[in-house]
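Please read all numbers here as calculations on a predicted model, not as lab measurements. Throughout, a chain's letter reflects where its sequence line sits, starting with A, and its residues are numbered from 1. In what follows, every heavy atom counts, from backbone to side chain, and hydrogens, waters and symmetry copies are set aside.
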Amino acid sequence: MRLIASDPIYLWDLIGTFVFGISGVLLGLERRMDIFGMFILAFVTGVGGGTLRDIMIGSIPVFWMKNLMYIFMIGVSVVFTLFFKNKFAAHWNYWLLLFDAIGLGVFTIIGLEKALRFDLSPTIAIVLGTMTGSFGGVIRDVLANRMPAIFQKEIYATACVAGGTVYFLLNGVMAEYHSWVVFITICVVIAVRMLSLKYHWELPKFLS
Amino acid sequence: MRLIASDPIYLWDLIGTFVFGISGVLLGLERRMDIFGMFILAFVTGVGGGTLRDIMIGSIPVFWMKNLMYIFMIGVSVVFTLFFKNKFAAHWNYWLLLFDAIGLGVFTIIGLEKALRFDLSPTIAIVLGTMTGSFGGVIRDVLANRMPAIFQKEIYATACVAGGTVYFLLNGVMAEYHSWVVFITICVVIAVRMLSLKYHWELPKFLS
Amino acid sequence: MRLIASDPIYLWDLIGTFVFGISGVLLGLERRMDIFGMFILAFVTGVGGGTLRDIMIGSIPVFWMKNLMYIFMIGVSVVFTLFFKNKFAAHWNYWLLLFDAIGLGVFTIIGLEKALRFDLSPTIAIVLGTMTGSFGGVIRDVLANRMPAIFQKEIYATACVAGGTVYFLLNGVMAEYHSWVVFITICVVIAVRMLSLKYHWELPKFLS
């Protein structure tokens, strides 16, 4: 079963799950979790955002119960990370961030379009797209007992909001080219995220 | 769309969302979160309890997806708090606690009556009223990585239980005056909460 | 209302809720929570895993809303623990771990069979059985602001997975003896859990 008909989205959805899973395993390694703990942390990171979305809009059973590929991708992310863990710090960091940004973009569009199919308004669709993209990491951080990175670090969830806004602006002028709207939205999320990492963009903090 | 037909409740529901939102922003400021982090924290504090209630009883999509006023009130709470943040410590603290108590009372009655409309028993209705009133703050504290205040501080959730109990007692003797039952229930929650703050009432702790 | 028709399972379900509740109260005592805080912690520990399962598969309202015995058992666990709290460290520890293991086994089979009744695949059924058995403790630990024990300590969730696997293997060869399949599954979970405690079995941790 596929979330969205178009194959490229489904493929990137699985890749996003895989990459988000890796970030869970890496945090699990840092916290000296055992291998099953790492699997659970990878699992909540990879599917947590979409699960929260599905529960809130009433799309049940939640998506990963109807397609075992998601759990499979989480398993692959655990094996992959443990195999290459000594390489991560040195060579893989850039690629990991890039794939994470791609996953963020794809998860945002998936959440957004799923909300629309449930007849929700554009504002709520952007909220759910952002939630799909970023709340897996929030649950990961809560379970590892640290304050979620999303609250302090570089622009992350904001990239989802930017992408979602562009999606609806484009839909107003070129709704007939839906694939392009989707593609550009994903690119906006990725671009905002990667540029904020490169130039250390941060949102204002209002310290007193 | 309104949760309950009567306008005063709806108005106080929005005010409760606003005040609970403020408590999220204040904690976000303390934890040096960026502005979007503060918005998310305000959001979970303001609508988290009701969201949990709606998910558990199957009222989906959850309430804030059908009425954008809730998200708007959260936005207002962020702007308001940042604008007046230097005034809070000095002058606003009492008013904040008072409005928080009002929000607590209103959220309790909303949760309670929603449970009844879903054909749940009085005991479960009290549980859900308490959850609606107090679990937004629990999620806020978990996301900010501290032990929820509800577990240790002055009487808080207990005020919801007291109000819920009074609600069913009154319903046994004066069910035909529904508005009065609602009004008195809210007053009981507010009174228990404010008196416990004034006189530092605490529940027993059984330290060994 | 009963989750599963057979009485022994229902009885052990209540006992599991009671024992899981105790572990919540004990942590609440350690964290100097007040009595209502302890009740909430006992509540989330006792019914949290099953609640999460019910929400995700769409079995709403969740199970404890339709049968007050669960809330009653939580209340009993609070009174019981506070009454005997000075005895726990010395004499009760072994019995507590044994009953916890029994609760784990029973919760696993309940989650597993409920998933099957919702037409989910064996893999998802094992995931949901494991979640039912072990996520109450995860929520307990998150609310008490510590990293969930499940991520680091002796084998716990793994016992659920082992039991779930045995369940489907047995179902392949002796499905007609359903009571026996259930009984053996529960015994496998208990045995794996108790043996891992006795011999300090741990899963590999891949420290670098």
(message) For a side chain to side chain contact (heavy atoms under 4.5 Å, CB included) check, start with the C-alpha distance between A/Tyr156 and B/Asp34, then their side-chain angles and the critical distance, and finish with the verdict.
(response) CA-CA 11 Å; A/Tyr156 195 89; B/Asp34 64 37; over 6 Å; no
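In A/Phe168, the CZ atom is crowded: over 12 heavy atoms of neighbouring residues, nucleotides or ligands sit closer than 6.0 Å.
A/Ile124 has its side chain within reach of B/Ile71: a pair of non-hydrogen atoms, C-beta onward, lies under 4.5 Å apart. In this structure, B/Ile60 and A/Met56 have side chains that are not in contact, with every pair of non-hydrogen atoms separated by 4.5 Å or more.
Both the backbone and the side chain of A/Ile55 come within less than 4.5 Å of a heavy atom in chain B.
Between A/Leu128 and B/Met65, the shortest heavy-atom contact is CD2-CE, 3.7 Å. When all heavy atoms are compared, the tightest approach of B/Phe36 to A/Ala157 is CE2-CB, 3.2 Å.
A/Ile139 meets the side-chain contact (heavy atoms from CB on, under 4.5 Å) test with A/Val44, A/Leu143; sequence neighbours excluded. Shown here are the side-chain contact (heavy atoms from CB on, under 4.5 Å) partners of B/Val78, two or more places apart in sequence or in another chain: B/Val25, B/Ile35, B/Phe39, B/Ala42, B/Leu82.
Residues from residues 158-165 of chain A that place a non-hydrogen atom less than 4.5 Å from a non-hydrogen atom of chain B comprise A/Thr158, A/Val161, given in numerical order.
Among pairs with a residue in residues 134-145 of chain B, those fulfilling salt bridge (charged side-chain N to carboxylate O under 4.0 Å, His left out) read B/Asp141-B/Arg146, at least two apart in sequence or across chains.
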